[in-house]
Amino acid sequence: MPSKYEPRKIENHWYNYWMEHNYFHSTPDNREPYTIVIPPPNVTGILHMGHMLNNTIQDVLIRRARLMGKNACWVPGTDHASIATEAKVVAKLKEEGIEKADLSREDFLKHAGDWTHEYGGVILEQLKKLGCSCDWERTKFTLDDDMSESVISAFVDLFNKGLIYRGYRMVNWDPEAQTTLSDEEVIYEEKQGLLYYLAYKIEGSDETITIATTRPETILGDAAICINPNDERYSHLKGKRAIVPICNRVIPIIEDGYVDVEFGTGCLKVTPAHDINDKALGEKHNLETIDIFNADASLNSFGLHYEGKDRFVVRKEITKELEESGFLVKTEQHINKVGTSERTKAVIEPRLSDQWFLKMEDLAKPAIKSVLEDGEVKLYPKKFENTYRHWMENIRDWNISRQLWWGQQIPAYYFGDGQNDFVVATTPEKALEAAKIKSGNANLSIKDLRQDEDVLDTWFSSWLWPISVFNGVLEPENKEIEYYYPTNDLVTGPDILFFWVARMVVSGYEFRDERPFENVYFTGLVRDKQRRKMSKSLGNSPDALKLIEDYGADGVRVGLLLSSAAGNDLMFDEALCQQGKNFANKIWNGFRLLKGWEVEDLPQPEASKLGIAWYNAKFNKTLEEIENHFSKYRISDALMAIYKLVWDDYSSWLLEIVKPAYQHPIDKISYEAIIHIFEQNLKLLHPFMPFLTEEIWQHIEERSPEEALVVSKWPSFVKFEESLIKDFDFAAEVISGIRTIRKEKNIPMKEYLELSILNGEKVAKDWDVVISKLTNLSSISYVDNAVDGALSFRVKSNEYFIPMSGAIDVDAEIKKIQEELKYTKGFLTSVQKKLSNERFVNNAPEQVIALERKKQADAEAKIETLEKSLVSLT
RNA sequence: GGGCCCUUAGCUCAGCUGGUUCAGAGCACCUGCCUUACAAGCAGGGGGUCACUGGUUCGAACCCAGUAGGGCCCACCA
């Protein structure tokens, strides 16, 4: 057996083994279900650190649930990610010299489908490398036929309920992807820009009026100049008209309290087509709306000689022209917030267009109540409830249409040119039926129907995910959905709280009248050591598969989990994976030790018996802690508790206690107990380190497939004697004291020491055998007086002596004791002060007072011991 | 502009209901060990005015107020 654990050799083997025996597959049965739906990654994405963290946590939860005898079901899948994927496909086609505009919708979808086939699902294969125990037979893709049908059916349902409407609104336009975006998909960034002061001539006079704008290129779409009615500087201009520079259009000067007299010059230009506020002003004052942009945000014919040029190019050029013709008064530095597309990074343009919206206000109500009042859905960490509340209570209608092809096409069918000449139906056939009725024209045919060109927002499919993966939209009463829904835990990043989590809660109540999940665990962002976000452009994101190669999947899992409290960002450092790998190796070697033992029918040494009894107590105490951590989703704390249990308590203490002398056999009773203990440890470790633990488990003895660790049983808590742990801790202090003396005096381990013990701390002497074994003592004796010519140390009020041949530095001993004495006296004083404070004695709970009394007694006893020693030394 | 959160050892973070010797853990660091499971290891050790100021309390890392610094979310001010 190699002395180093070699993960590469065994990981694939065990993953295949688990798959062959179908351990990850779940079907409804009598057991309690435990369900997680994966946050579906982009179908063409590759595994990054965020996925690794996120899915490791899910796997820990699901594997633990499986061990606890629940029917664990983890549904994997991918998301079609319409904007991102379509953008990638468009770019790829462009490279091949094909323009999207030259393709038919069908051809484009075929290209996109092929692309998805080629790259899609890579990420799922990578999850397998990480050890994720998903039920792969259930793998879903948000564009699968049944998933799409669910989406369409949900759309029709909401439309029929009057919750979906079509509206001509100002929306966020991504000129690069040439689609609208929801408000959530727009990211505002502060950018240093300029505030341009432009002078407009007043009609029929030489006077000018100066406005301030950040967007001089939009003057060609101006519909008015607006002043504050209370602003006396401009009151003489009321009712007059101004002339827009360059295009020389005459526009009214209007008044509105909206204008802030403090900002800029106190008057502004109104461009209803290109600003949401201006649009409101335009409607209020009945202004003309002049859209000067094309879909790609280049100027159209209203742009005159700038037609065809991008808005940012025009901004520069028009500034120059305005300057040359004297309209530009001045410019000022100005920081403004610029909206950019989450996906393409393009600067967003507000744009008026026909879009589909979902009314959110009423839908949000049960979702607000559920999370914030009833606690039916719990967020971890809790602080996200505030964010959730704020968004939900100020929710706005959701723009669900996208001007893309890659996605579910909106099931609206137009039969005429009028505003209302359309019907909504799940299929063209049904649409035709409806259209015949609505139009009153029984001769309509399918050919007369035009389906809406737009597709639905990707999130409009993923918000149904926990329901649709179990076909709960199309068949609301099927066995699967009734069994698995509501799911238990959701693990995801806080960045999609609004996009996805909140909307799933909404859809859960709308479509099933029930929460979609009980607990939401938000992971933090994975950052690099310098706290920078991991990103492709920075190149600071390590290659996930390479990490698994280098440290083993278990090592990486442990590394990621060790320092990632829920909701806290994780500063990733490969050293963490190294720690995980070291831990794996530690466990591996613990196993090698057991394997090397020869077992015989011998009487069990007292030390082993005690050690084992103690460890069992310690194990159960730790198990209690672990359960507590899990119940609060403190996954890294749970792991750390196991880490210390296995490394410190099991390896460093227990194994040393029971380890037989070199080339001696171990007694059978101890051996069997240790094997059992080791197996219990492996069970606790399994959710975190599935590969290593299964490998060892199967090496301990021959196991049938049913006996695999992955489907074994999580240890159940057994009551334990606290006193065992206390006694051990005391003994451990004594051992540590002796080791310190060995170290200070450079006494090799091989050399025997004698130990004399003075005094009466009521400590079980049983542990003497353990102390003796771990510190190599030739004898232990109890004495009534301090021992001369010995080094000493104290634990509580016990004093320990180790006689030394050769000179003892008495002065040093005295000094040491005096220091301890000083400290203890100081401590005693503080305790006494507390106890003599009447208000403390009267107000503090009895327990606390009793404890202080105990502290006092302990300190007094210790002082007595110390003083006696001093006397005997001097 | 509004809201939320954070500041504890060199680093990353626990510290749950104010009260156990409460000032902790892991890593890093220092010292000594190739001791026959493991140097990816063993044993031992150092290290913090709990951001600052004030208040409440018998008692504060923990509660309250303010100050400084950091972060996140939301919002249409040209």
Side-chain angles (χ1 to χ4, degrees), chain A residues 1 3-5 170 183 188 195-196 211-215 226 258-260 262-271 275-280 334 336-337 339 350 381 383-391 394 494-495 497-498 525 529 531 551 555 562-565 567-571 573 575-576 578-579 581-597 628 632 634 636-637 640-641 643-644 651-652 655-656 659 661-663 736 739-744 746 748-750 827 831 834 837-845 847-852 854-855 858-859:
Chain A
M1 239 174 136
S3 71
K4 309 264 187 266
Y5 167 58
M170 189 150 276
D183 295 331
Y188 287 90
L195 191 58
Y196 302 80
I211 57 93
T213 180
T214 54
R215 307 202 56 187
C226 188
Y258 162 75
V259 179
D260 178 359
E262 304 286 322
F263 189 90
T265 59
C267 61
L268 58 85
K269 69 191 204 64
V270 185
T271 320
D275 185 281
I276 182 88
N277 298 305
D278 289 12
K279 195 210 165 210
H334 180 73
N336 55 348
K337 296 257 169 102
K383 65 176 175 185
F384 287 111
E385 284 177 11
N386 285 319
T387 317
Y388 179 90
R389 175 200 310 271
H390 187 262
W391 188 74
N394 296 283
D495 48 333
L497 171 57
F498 307 138
L525 250 53
K529 260 198 279 190
R531 278 210 132 84
Y551 300 98
L562 270 178
S563 67
S564 66
N568 279 3
D569 285 357
L570 165 73
M571 258 55 71
D573 181 347
L576 290 168
Q578 186 62 46
Q579 193 183 346
K581 186 178 176 183
N582 293 354
F583 185 42
N585 201 54
K586 181 73 187 174
I587 299 164
W588 177 253
N589 278 294
F591 173 55
R592 282 179 68 223
L593 177 65
L594 305 195
K595 266 294 182 194
W597 282 339
N628 183 35
K632 292 168 181 161
R634 297 161 179 248
S636 60
D637 289 341
M640 185 47 75
Y643 182 91
K644 286 196 274 195
S651 300
S652 296
L655 289 182
E656 293 303 325
K659 194 194 242 176
Y662 182 48
Q663 290 195 329
S736 174
R739 283 172 173 168
T740 305
I741 285 177
R742 270 194 193 276
K743 159 125 173 136
E744 277 172 359
N746 250 318
M749 186 60 185
K750 284 173 195 159
F827 177 72
V831 174
K834 226 186 213 180
N837 182 340
E838 253 176 65
R839 284 191 288 186
F840 171 73
V841 180
N842 292 337
N843 291 315
Q847 259 183 323
V848 176
I849 296 168
L851 222 77
E852 291 299 316
K854 171 124 192 0
K855 282 192 217 167
D858 287 350

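Numbered from 1 within each chain, the chains take letters A, B, ... in sequence-line order.
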Atom-pair distance (CG on D858(A); C1' on U20(B)), nearest Å: 12 Å

Most 5' of I276(A) and N628(A) on RNA chain B, judged by nearest nucleotide: N628(A)

Rounded distance (Å) that lies between atom P of C30(B) and atom NZ of K743(A): 13 Å

Please tabulate, one pair per line, each protein N/O and nucleotide N/O from nucleotides 68-74 of chain B that are separated by under 3.5 Å, including the distance.
{"residue": "C74(B)", "atom": "O2'", "partner": "H390(A)", "partner atom": "ND1", "Å": "3.4"}

Whole-Å distance separating the CZ atom of F827(A) from the C1' atom of A23(B): 14 Å

Listed pairs, N/O of protein and of nucleotides 35-39 of chain B, under 3.5 Å:
{"residue": "A37(B)", "atom": "OP1", "partner": "K659(A)", "partner atom": "NZ", "Å": "3.4"}
{"residue": "A37(B)", "atom": "O2'", "partner": "N589(A)", "partner atom": "OD1", "Å": "2.8"}
{"residue": "A37(B)", "atom": "O2'", "partner": "R592(A)", "partner atom": "NH1", "Å": "2.7"}
{"residue": "A37(B)", "atom": "N6", "partner": "S651(A)", "partner atom": "O", "Å": "3.4"}
{"residue": "A37(B)", "atom": "N6", "partner": "E656(A)", "partner atom": "OE2", "Å": "3.2"}
{"residue": "A37(B)", "atom": "N3", "partner": "N589(A)", "partner atom": "O", "Å": "2.9"}
{"residue": "A37(B)", "atom": "N3", "partner": "G590(A)", "partner atom": "N", "Å": "3.3"}
{"residue": "C38(B)", "atom": "O4'", "partner": "N589(A)", "partner atom": "OD1", "Å": "3.0"}
{"residue": "C38(B)", "atom": "O4'", "partner": "N589(A)", "partner atom": "ND2", "Å": "3.4"}
{"residue": "C38(B)", "atom": "O2'", "partner": "N589(A)", "partner atom": "ND2", "Å": "3.4"}
{"residue": "C38(B)", "atom": "O2", "partner": "K586(A)", "partner atom": "NZ", "Å": "3.0"}
{"residue": "C38(B)", "atom": "N3", "partner": "K586(A)", "partner atom": "NZ", "Å": "2.9"}

Pull out every protein N or O sitting under 3.5 Å from an N or O of nucleotides 58-64 of chain B, one pair per line with the distance.
{"residue": "C58(B)", "atom": "O2'", "partner": "N837(A)", "partner atom": "ND2", "Å": "2.9"}

Duplex segments of RNA chain B, taken as runs of at least three Watson-Crick or G-U pairs that stay under 3.5 Å: B:1-7 with B:68-74, B:10-13 with B:24-27, B:29-33 with B:41-45, B:51-55 with B:63-67

Listed pairs, N/O of protein and of nucleotides 25-27 of chain B, under 3.5 Å:
{"residue": "A25(B)", "atom": "O2'", "partner": "K644(A)", "partner atom": "NZ", "Å": "3.1"}
{"residue": "G26(B)", "atom": "O2'", "partner": "Q579(A)", "partner atom": "NE2", "Å": "2.7"}
{"residue": "C27(B)", "atom": "OP1", "partner": "Y643(A)", "partner atom": "OH", "Å": "3.4"}

Given U31(B), A78(B), G44(B), the nucleotide with the shortest approach to the side chain of D275(A): A78(B)

Closest listed nucleotide, where the reference is the side chain of K383(A) and the choices are A78(B), C5(B), G19(B): C5(B)

Nearest to side-chain heavy atoms of N386(A), which nucleotide of C4(B), G44(B), A78(B): C4(B)

Residues which pass salt bridge (Lys or Arg N to Asp or Glu O under 4.0 Å) with K279(A), listed by chain and number, not counting sequence neighbours: E283(A)

Proximity to the side chain of N746(A) - top-ranked nucleotide from G32(B), G19(B), G44(B): G32(B)

Plane angle bin for F498(A) and W391(A) - parallel if under 30°, tilted between 30 and 60°, otherwise perpendicular: parallel

